[in-house]
Amino acid sequence: MTNNSDIQTVQFFIFSDQSGLNYVNDSLQADNLFQLLTTKDVKYSDLDDHQKVRIDKLINLGVITKVKEILKFNNQAQMVVLKIFNDVE
């Protein structure tokens, strides 16, 4: 079960440019994790250890999954709706 703190964490990790998850290397970078995962194929193994901790949290919350090592949102439509709400705030 998720709580308000989990939701805030998910929003920060996915939509903030301060989460540390929007830059992997020069060819894998974006404004935020949402943009990165929707425009690039990012492998879990590409991440630094400190980034893996945050991605593991998103995996444990059911937000992200690994498909043949590529990170994907479990429910892309849900992420688009969450982005709309995030953009309104």
Side-chain angles (χ1 to χ4, degrees):
M1 179 198 257
T2 58
N3 58 41
N4 192 40
S5 176
D6 288 339
I7 293 168
Q8 289 175 338
T9 297
V10 167
Q11 285 182 294
F12 176 73
F13 285 173
I14 293 174
F15 300 112
S16 175
D17 62 352
Q18 302 297 310
S19 71
L21 297 174
N22 60 318
Y23 180 90
V24 178
N25 58 46
D26 287 342
S27 63
L28 294 173
Q29 60 181 317
D31 290 339
N32 54 49
L33 183 63
F34 176 82
Q35 186 181 53
L36 183 63
L37 295 187
T38 55
T39 61
K40 308 280 186 184
D41 286 337
V42 179
K43 292 182 180 178
Y44 185 81
S45 59
D46 292 332
L47 302 174
D48 288 332
D49 288 341
H50 71 278
Q51 292 172 311
K52 288 179 181 177
V53 171
R54 292 180 172 198
I55 293 297
D56 289 344
K57 172 84 172 172
L58 293 172
I59 290 170
N60 290 336
L61 289 170
V63 176
I64 288 178
T65 191
K66 290 185 271 185
V67 179
K68 297 183 181 180
E69 272 298 296
I70 305 290
L71 299 173
K72 301 283 184 189
F73 289 112
N74 275 334
N75 186 330
Q76 185 70 29
Q78 185 180 49
M79 289 299 103
V80 170
V81 170
L82 188 57
K83 181 178 183 334
I84 292 167
F85 284 115
N86 190 72
D87 288 348
V88 170
E89 285 186 48

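Side chains included, hydrogens not; waters and symmetry mates left out as well; all remaining heavy atoms used. These figures come from a predicted structure and were not determined experimentally.
- A pairwise comparison of heavy atoms in Leu36 and Ala30 identifies N-CB, 3.5 Å as the closest pair.
- Counting only heavy atoms from C-beta outward, the side chains of Leu47 and Val42 approach each other to under 4.5 Å.
- Under the rule for a side chain to side chain contact (heavy atoms under 4.5 Å, CB included), the partners of Gln18 that lie at least two apart in sequence or sit in another chain are Phe12, Ser16.
- Residues satisfying the side chain to side chain contact (heavy atoms under 4.5 Å, CB included) criterion with Ser5, sequence neighbours excluded, are Asn3, Thr9.
- At least one donor-acceptor pair under 3.5 Å links the side chain of Arg54 to the backbone N or O of Ser19.
- To the nearest 0.5 Å, atoms CG (Asp31) and CG (Asn22) are separated by 7.5 Å.
- Remark: side-chain polar atoms of Glu69 are paired, donor with acceptor, to backbone N or O of Ser45 under 3.5 angstrom.
- Under a hydrophobic-cluster definition in which Ile, Leu, Val, Met, Phe, Trp and Tyr are linked whenever side-chain heavy atoms come within less than 4.5 Å, directly or via other members, Phe13 and Tyr23 are assigned to different clusters.
- With no hydrogens or angles considered, a side-chain donor-acceptor pair links Tyr44 and Asp56 at under 3.5 Å.
- Gln29 approaches Lys40 most closely through the heavy-atom pair O-CE, 4.5 Å.
- When all heavy atoms are compared, the tightest approach of Asn32 to Gln35 is OD1-N, 2.8 Å.
- Every residue meeting the side chain to side chain contact (heavy atoms under 4.5 Å, CB included) condition with Ile70, not counting sequence neighbours, appears here in chain and number order: Asp41, Lys43, Lys72.
- Within the model, atoms NZ of Lys52 and CG of Asp46 stand 9.0 Å from one another, a figure rounded to the nearest 0.5 Å.
- The ring-ring contact (aromatic ring centres under 6.0 Å, His included) contacts involving residues 45-74 comprise Phe34-Phe73, where partners must be two or more places apart or lie in separate chains.
- By the side chain to side chain donor-acceptor pair (under 3.5 Å) test, Asn25 pairs with Ser27, sequence neighbours left out.
- When all heavy atoms of Ile64 and Leu37 are compared, the pair lying nearest together is CD1-CD1, 3.7 Å.
- When all heavy atoms of Lys66 and Leu71 are compared, the pair lying nearest together is CG-CD2, 3.6 Å.
- Between Lys57 and Asp6, some side-chain heavy-atom pair lies under the 4.5 Å cut-off.
- Asn60 meets the side chain to side chain contact (heavy atoms under 4.5 Å, CB included) test with no other residue; sequence neighbours excluded.
- Across Ile14 and Leu58, no two heavy atoms sit closer than the pair CG1-CD1, 4.4 Å.
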